[in-house]
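Quick notes on the structure that follows.
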Amino acid sequence: MTSAGVTARRVALHAPTWRADVVIVAAAIAVLAYLTLFPLAILVLGAFSSGGSVFDFQFTTRWFARVLTDQASFELLANSLAYAGGSAVVAFAMGTAIAWAVERSDVPLRNLWYGIALVPLIVPGIIHTIAWLFLLSPEIGWINAPLKGAFGFSLSAYTIPGMIWIEGLHSAPLAFVLMSAAFRTMDPSLEEAAAASRADPWKTLRRVTLPLLLPTAASVVLILFVRTLESFEVPAIIGLPGRVFVYTSRIYLALKQYPPNYGLMAAYASVLLAISVLGLLLHRRVTRHAERFATITGKAYRPRRVELGRFRFLALAGLAVYGLLAVALPFVVLLYSSLIRVYTLPSVENFRELTLKNYSFILEDDLTRAAIVNSLKLALVSATVVVAITSVVAWITIRTRTPGRGLLDFLAFVPIAIPGIVLGVSLVWLYSTIQIGIYGTIWILIIAYVTRYLPYGIRSMSGGLAQIHKELEEASTAAGARWWPTFRRVTIPLLRPALLAAWIYVFIVSLRELSAGILLYSTQSVVLAIRIFDMRETGQYTAIAALSVMMIVVLVALVAVLQRLGGRTVQAT
Amino acid sequence: MLEVERLRKTYTTDRGGVHAVEDVSFTVEDGRFYTLLGPSGCGKTTTLRCLAGLERPEGGVIRLDGRVLSGEGRFVPTYSRDIGMVFQSYAIWPHMSVFQNVAFPLEVSQDRPSKEEIARLVKEALALVGLEGLERRPAPQLSGGQQQRLALARALVRKPRLLLLDEPLSNLDAKLRQRMRIELRELQRRLGITTVYVTHDQAEALFLSHRVAVMQSGRIVQEGRPRELYASPASPFVADFVGDATFVPGEVVDGGVRALGGVVRCALSEALVPGAKALLVLRPERLLVHAGATGGPNEFAGTLRVAAFLGDHLDCVVEIGDTVMRARAHPAAELRRDQKVWVELPPDHCLAIPDDGWRPRALTRTFEQDTE
Ligand SMILES: Nc1ncnc2c1ncn2[C@@H]1O[C@H](COP(=O)(O)OP(=O)(O)O)[C@@H](O)[C@H]1O
Ligand SMILES: [Mg+2]
């Protein structure tokens with residue numbers, strides 16, 4: 001039926017005699033606009049003000065002029081694009097190769113690779129970055145020390161290629177997840193038809209599979225690009241010491257310099273925001289086109305696998321190398337570093353003097369303890385609030401025709417375009433101007449997290465709701481149930497997998513969050529990732545290693561348990 | 001009694017308004033089985049959903065037992081209407097057991113019965129549809145036919161005034177559909193529940209209903225008892241949709257129509273006067289193919305193109321001049337392809353109706369037609 005798309009969106013389950021739905025939607029719009037649009041408006045205003053706050057607003061274009069014409073600004077743009085573009089390509093290439101091998105070839109141990117490829121999704125970026133610093137630091141890196149000894153040169157992490165490699169390796173699993181979904185939902189008969197036309201597997205791949213995947217591939221590259229552009233961990237931990245500046249780290253510097261330059265910070269943030277929005281608009285264009293291709297269906301198929309023959313073990317070796325680089329090596333280097341007193345390269349003496357001192361230090365450190373408690377509080381509250389808001393918003397936008405529902409959907413999606421650090425800048429502006437006493441408390445972090453994760457909640461809920469046939473709810477109304485009994489007894493139970501998946505996802509990413517909080521925290525609201533960031537500045541690397549090992553173990557175990565409890569795979573993007 | 005007057009419903013889509021239901025009026029007497037019949041997209045479901053209150057019509061009045069459900073400035077929400085509804089997808093709640101599914105309408109009702117009463121009523125409803133003993137079963141573990149019965153039990157458990165069914169049999173396989181058809185008919189006749197049924201299957205409509213309304217593009221084009229619709233269709237569309245028909249255009253003469261190179265004696269619909277353009281409606285199951293002339297009235301010679309054995313008859317395609325028609329022959333008849341045959345058109349079973357220009361879709365379509 002040609003109107004299926006329309007029909008699915010325009011379902012009527014109105015409570016028509018009672019216009020409370022309009023009131024609810026208006027309230028929801030007000031809340032979401034306050035969370036998403038208002039800070040951005042203040043941000044842009046701030047970028048045009050020479051005063052320190054919106055109240056002593058004095059119009060100036062000075063900051064933008066500096067950001068756009070400064071000769072360092074060209075370098076900043078070039079660095080940002082090179083870093084983001086390079087990482088996107090590296091991540092895409094690795095992720096796609098793994099996805100193809102796992103989904104479409106007969107490489108051994110396929111299920112194992114799913115698990116391994118997902119671990120980096122769980123490990124916080126800051127931990128991954130620090131682990132690779134242990135490996136690639138020019139003098140004492142595990143990889144560089146032997147290289148230098150043998151060949152007299154080293155691969156410095158503190159360069160753009162180094163940053164690209166480290167970030168690309170960490171984002172590869174995202175590409176893997178998205179591309180393997182694309183491989184799985186592509187109608188295999190299209191490829192079989194190629195085979196039936198006597199195309200060999202290589203030709204089929206080149207002439208049919210890849211062209212069909214092109215729109216999806218473009219969208220994945222764009223997502224990776226925007227996400228890398230927003231990333232803060234690698235730019236701050238590797239870029240700053242290496243004097244390779246990108247937008248996120250530049251914004252951070254503008255606040256950390258003395259005296260902090262709020263106007264400049266806001267101007268940089270506005271530019272980053274603009275690039276990010278541009279990237280996402282482009283993404284929308286690409287994916288809208290992809291729909292027209294209509295070869296990628298929602299159905300899961302069971303395609304025939306390419307027999308690799310004697311290349312089978314070569315492919316296995318390739319996957320093993322990835323597993324080694326992305327998971328095993330970083331973990332081992334952290335584990336080792338966490339067990340020694342002072343960081344040095346592995347040696348026989350070191351192994352004789354292994355100690356648990358770092359662990360006891362971490363567990364007795366007041367700030368770290370506070371960080372653990374704060375992180376847990378934040379994760380619990382954010383996950384719950386996001387799920388509560390988005391389940392209602394998704395229901396309104398999908399199941400009703402209340403006016404304003406389109407705006408509601410849009411507002412809940414806006415934060416996807418706001419880099420974490422930009423959100424941080426906006427909230428700094430907002431709550432240092434409007435002093436309602438949350439600046440420097442955990443509440444401002446809660447606001448930041450909730451805002452940041454609204455889009456993920458909405459996506460999970462809308463997806464879940466769209467899968468619930470509307471007749472299941474209508475049957476309840478026809479059976480005499482009003483809105484609330486229907487929502488409580490039919491909608492929510494059916495939505496439970498989506499609810500749980502969204503909750504778990506927000507919970508986990510909240511525990512890892514760094515960039516949204518880095519400009520907002522105070523000593524009383526420090527969280528785990530920020531605690532690691534701080535300890536690094538004071539050079540406590542062995543303590544960081546201990547905390548990282550604990551976090552990785554706990555997070556992986558947590559995800560495993562929560563998934564058991566009924567969530568689906570923690571979805572990426 | 002259900003009364004529907006001048007019902008109108010328009011959907012707004014990205015590509016403008018869709019007039020799904022236009023000016024539909026009908027009345028269902030108490031205890032009657034009333035069917036809305038028509039091709040896909042003609043507005044049957046929309047009409048039914050308006051009756052249920054799942055859509056809000058922008059015009060017209062719906063009354064049940066004299067009480068306005070919709071229209072005249074009032075709109076009774078679905079949950080306050082005394083209805084039971086069976087959805088095309090059955091809409092069985094997968095997170096509930098069989099018992100919980102059926103108990104739901106009782107549990108959410110304003111005057112909720114006691115626990116024992118609910119258990120008794122559920123049991124009764126399940127027995128009615130032949131699902132007794134499956135109470136504890138999780139609903140997703142039922143087969144298609146059982147889910148269909150469950151949906152029916154759930155719709156009946158409240159003993160509603162009005163039962164609404166939207167193509168409830170269309171998801172079943174052919175054999176099961178036959179059986180459910182019989183059971184549904186018996187159940188409705190026994191309970192005497194006022195029923196509105198939606199289908200695109202004319203055999204189902206004729207079999208089940210006291211009255212049938214044929215819909216086309218959002219309107220009811222003819223309404224009546226099944227045999228009336230079959231015997232005296234008002235338009236080519238209805239003639240084609242209710243039963244099989246071959247159409248032969250011709251000119252009205254006294255007592256018949258000039259066509260097939262002669263005059264076909266037939267019944268003439270009232271509007272037809274001599275000289276008018278008419279369309280002969282010929283039912284294949286009424287036309288008899290003979291190997292030789294019998295000398296009876298309305299006999300025309302032609303060439304046999306197809307004769308396929310179907311058990312109780314031979315299904316034939318005969319060419320008379322440039323008209324191709326389907327007809328039947330005795331199963332024992334010795335007929336060969338391309339031989340000369342005589343087709344008998346019994347005058348009692350031939351009808352001429354005004355030709356409004358409508359024609360069924362040709363079997364061999366052009367590419368343009370397919371992609372439109
Ligand atoms: N929710 C809707 N939004 C827009 N158009 C719709 C919607 N539901 C039905 N329609 C359109 O209204 C017409 C009648 O639909 P429907 O009542 O479902 O037909 P039927 O049940 O007879 O197949 C069709 O053209 C259909 O595309
Ligand atoms: Mg329908």
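By convention in this document, chain letters (A, B, ...) are assigned in the order of the sequence lines, proteins followed by strands, and residues within each chain are numbered from 1.
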Task: Geometric cation-pi criterion, B/Arg81 with B/Phe75: 6.0 Å, 45° - done: yes
Task: Minimum side-chain heavy-atom gap B/Val198-B/Leu165 below 4.5 Å - done: no
Task: Among the listed options A/Arg496, A/Arg489, A/His469, the residue most often paired with chain B at heavy-atom distances under 4.5 Å - done: A/Arg489
Task: B/Phe26 ring center within less than 6.0 Å of B/Tyr34 ring center - done: yes
TODO: If the plane angle is over 60° it's perpendicular, under 30° parallel, otherwise tilted; pick one for A/Trp483 and A/Trp395.
DONE: perpendicular
Task: Residue B/Leu164 versus chain A: region with a heavy atom under 4.5 Å - done: neither
Open item on the list: Please classify the contact of B/Ser89 with chain A as side chain, backbone, both or neither, using a heavy-atom distance under 4.5 Å.
Closed with: both
Task: Which portion of B/Arg154 sits near chain A, non-hydrogen atoms under 4.5 angstrom - done: side chain
